Student: 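Here you go, one structure.
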Amino acid sequence: MTASSIASSSLNAATCVDVAEAAKRMIFRVRDYDLAATLTSGQAFRWQHRAGWWEGVIGARWLRLRSETDSFVAETAEPATDWRWLADYLQVDLNLGNVLATFPDDEPMRAAVDACRGLRLLRQDPWECLASFICSSTKRIVQIQEIVGLLCERLGEPVLVPHNHERAFSFPAPEHIAAASESELRACKTGFRAPNLRNAARMVADGEVNLARVTELPVLDARSELMRLPGVGRKIADCVLLFACGFQDAFPVDVWVMKALRRLYFSHRRASLKRLQKFAAGYFGPYAGYAQQYLFHYARVHAKLKK
DNA sequence: TACCAGGAGAGCG
DNA sequence: CGCTCTCATGGT
């Protein structure tokens, strides 16, 4: 073998490696995207900040994300030929300026937008979103993260991770949660939500509630369909509609948003939940869910500052 | 030790 | 319908 052929073959080998590595990496050009705020704003519960990256699992794929100026970098564990799954999850094609322009032009809304510029909504898997929010009641975000982490670790499937990296798991399918015993689910710290989670999983696994079809329904029908599931009331249904089913006018009202609405728009009067929901449905426009996310995040940041 | 949180769902007018 | 009360359980 000549020197040149050795050089040539090693060059080819190196090129192959580079091609394989390049296929695990993608740069998304996007402006006005605050990755940290978005991934920690209480809509998704599996993202962890490690060594300058945000690590998570989407479907059966491990990945990590890092922000740069007007873009972010994504890396996966196995080569990808098509990155639409990620572009869709992160909603990178959405023009945030157009969304913000639909918000009511009032002082509270301006303050909320100024405080959380770049905050976005994700487009998550409906089942993972639903199951996570069934576990969310009476829990803080850190506790929900712990529950979801345990469910994945014990009932999910291992996913491919980079060499020498800590193991990672997919979110367990409805059948897997339905097949788990109540005590197994309680061991994941789900507490009194365990029977609800298990029965909801069974209904989804049996096709009694078809989550793919929910996305196609008119919003009111979609909401009632979700509310047939045990442990799913108005608030959790609205979270799933907004964070996973693409209904960007869904407006989940939790205690934070309730406090914010009362303080900002009702001068502290004790407006009822129903009244606030009706107000929100008419006032915040076609992207009311986005407005809600800004108010929610603003209220939380505000509460932290006061502490 | 008590009390609180943050939702769902039952009961009631 | 809309409002009020109860439940369940880890954390302060």
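Since we're looking at a predicted model, the values are computed, not measured.
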Student: How close or far is atom P of C:dG11 from atom CD1 of A:Ile141, stated in whole angstroms?
Tutor: 16 Å
Student: Closest approach to the side chain of A:Lys235, judged atom by atom: which nucleotide of C:dC3, B:dA8, C:dA8 is it?
Tutor: B:dA8
Student: Send over the distance from A:Asp254 CG to B:dG6 C1', rounded to a whole Å.
Tutor: 8 Å
Student: Is A:Lys189 touching bases, backbone alone, or none of the nucleic acid, heavy atoms closer than 4.0 Å?
Tutor: nothing
Student: Starting at NZ of A:Lys274 and ending at C1' of C:dC3, how long is that distance when rounded to a whole Å?
Tutor: 10 Å
Student: What is the distance, rounded to the nearest whole Å, between atom CG of A:Leu197 and atom P of B:dA8?
Tutor: 15 Å
Student: Assign each of A:Ser136 and A:Gly231 to its nearest nucleotide of DNA chain B by heavy atoms, then name whichever residue's nucleotide is nearer the 5' end.
Tutor: A:Ser136
Student: Across the strands shown, which category fits A:Lys278 at heavy-atom distances under 4.0 angstrom: base, sugar-phosphate, nothing?
Tutor: sugar-phosphate
Student: What nucleic acid atoms does A:Leu273 come within less than 4.0 Å of, heavy atoms only: base, sugar-phosphate, or nothing?
Tutor: nothing
Student: Counting side-chain heavy atoms from CB outward, which of B:dA8, B:dA5, C:dC3 is closest to A:Arg140?
Tutor: B:dA5
Student: When the distance from CZ of A:Arg300 to P of B:dA5 is rounded to whole Å, what number comes out?
Tutor: 16 Å
Student: Does any part of the side chain of A:Leu242, heavy atoms only, come nearer than 4.5 Å to the side chain of A:Gln292, both counted from C-beta?
Tutor: yes
Student: Roughly how many Å is it from CZ in A:Arg193 to C1' in B:dA8, rounded to a whole number?
Tutor: 11 Å
Student: Rounding to a whole Å, what distance do you find between A:Arg223:CZ and B:dA8:P?
Tutor: 12 Å
Student: Has A:Arg186 got a side-chain N or O lying under 4.0 Å from the OP1 or OP2 atom of C:dT9?
Tutor: yes
Student: Strictly below 4.0 Å, N to O, side chains only: are A:Asp32 and A:Arg117 in salt-bridge contact?
Tutor: no
Student: Quick one: does any side-chain atom of A:Tyr290 pair with a main-chain N or O of A:Leu121 as donor and acceptor, under 3.5 Å?
Tutor: yes
Student: Would you kindly compare A:Ser272 and A:Gln143 by the position of their nearest DNA chain C nucleotide and give the one closer to the 5′ end?
Tutor: A:Ser272
Student: Side chain to side chain contact (heavy atoms under 4.5 Å, CB included) with A:Glu55: which of A:Arg46, A:Arg50, A:Glu75, A:His49?
Tutor: A:Arg50
Student: May I have the distance from A:Asn199 (atom CG) to B:dG9 (atom C1'), rounded to whole angstrom?
Tutor: 15 Å
Student: Taking only N and O in the side chain of A:Thr138, is any of them less than 4.0 Å away from OP1 or OP2 of B:dG7?
Tutor: no
Student: For atom OH of A:Tyr287, is the number of surrounding heavy atoms from other residues, nucleotides or ligands below 6.0 Å larger than 12?
Tutor: no
